[in-house]
Amino acid sequence: MRPSALITGGSRGVGAAIARELAPSHDLLLGGRRAESLRAICAELPQAAPWPVDLLDHEAVAAACSGIDRLDVLVHNAGLAELGTIADGGIAQWREMFEANVVAVVELTRLLLPALRAAKGHVVLLNSGAGLNAKAGWGAYAASKFALRAFADVLRQEEPALRVTSVHPGRIDTDMQRAIVASEGRSYEPERFLKASTVALAVGQAVRTPSDAHPTEIVLRPR
């Protein structure tokens, strides 16, 4: 039986790249808010099935997880990135960032723990360079990513049968990055950023690491 993988935010960008990387070896569930956003990638990858659910709707997430009895790989790729100073950001931005980048991840992982335990599975968390080094203007985002790293560290200790990998890439050439650069008032130069396929390859290598080893953290920076 082929191993299974659930990838959140799987419709485009890094999530779609990870799906392409794992498709030759895994049966895929690709998460996204809307089914129509997943049609193109699922048509491209016959091994993939759509898993449309709003990760902030915890009742809907619980219902979507109820039929998953065994899961070999859970890739947390969905998340939110938004600039904002502490002075100007406001409490709504901080709550939104933590709900998307931490609470949704924690709850989905918790719901899927029985399925992951059954497979002695692997949880991969797409973190960020901001989860290791906070910079001005990124307070809420960086704080959420530091919290995500703490969650990974605790999960690794509490669930020793699982492998838990935090991936900390620098800036990646994606549509989200274009929006961020535009908000910074700079011109977009894709060659300055990591390719989504490169980040996906790092995730694939972590998943394929032989079972006697535990890849705990991967840090990638643009050259």
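Here, residue 1 is the first one in the sequence, and each next residue gets the next number.
How far CD1 of I218 is from CG of L125: 11.5 Å, rounded to the nearest 0.5 Å. Atoms CZ and CG, on F146 and L132 in that order, are 6.5 Å from each other to the nearest 0.5 Å.
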Next on the checklist: Could you go through H26 and V207, starting from their C-alpha distance and side-chain angles, then the distance that decides it, and tell me whether this counts as side-chain contact (heavy atoms from CB on, under 4.5 Å)?
Outcome noted: CA-CA 11 Å; H26 290 71; V207 170; 3.9 Å; yes

Next on the checklist: With side-chain hydrogen bond (donor to acceptor under 3.5 Å, both in side chains) as the criterion, how do H168 and S128 come out once you've worked through the C-alpha distance, each side chain's angles and the decisive distance to 0.1 Å?
Outcome noted: CA-CA 4 Å; H168 296 267; S128 169; over 6 Å; no

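Scanning all heavy atoms of the two residues, the minimum distance from A142 to A134 falls at CB-CB, 3.8 Å. Taking both residues in full, the closest heavy atoms of I68 and A115 are given as O-CB, 3.6 Å, listed atom of the first, atom of the second, then distance. Counting all heavy atoms, side chain and backbone alike, I7 lies closest to L28 at CD1-CD2, 4.3 Å.
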Determine all donor-acceptor pairs shorter than 3.5 Å in which one atom belongs to a side chain in residues 104-114; sequence neighbours excluded.
unit_1	atom_1	unit_2	atom_2	d
E107	OE1	R110	NE	2.9
E107	OE1	R110	NH2	3.4
E107	OE2	R110	NH2	2.8
T109	OG1	H76	NE2	2.7
T109	OG1	V105	O	2.8

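Legend: salt bridge (charged side-chain N to carboxylate O under 4.0 Å, His left out) pairs involving residues 115-132, not counting sequence neighbours, sorted by first then second residue: R117-E159. Pairs of residues two or more places apart, or lying in two chains, never qualify as salt bridge (charged side-chain N to carboxylate O under 4.0 Å, His left out) while including a residue from residues 78-96.
The salt bridge (charged side-chain N to carboxylate O under 4.0 Å, His left out) search around R39 returns none, not counting sequence neighbours. With sequence neighbours left out, D54 forms a salt bridge (charged side-chain N to carboxylate O under 4.0 Å, His left out) with no residue at all. The salt bridge (charged side-chain N to carboxylate O under 4.0 Å, His left out) check on R2 picks up D27, with sequence neighbours excluded.
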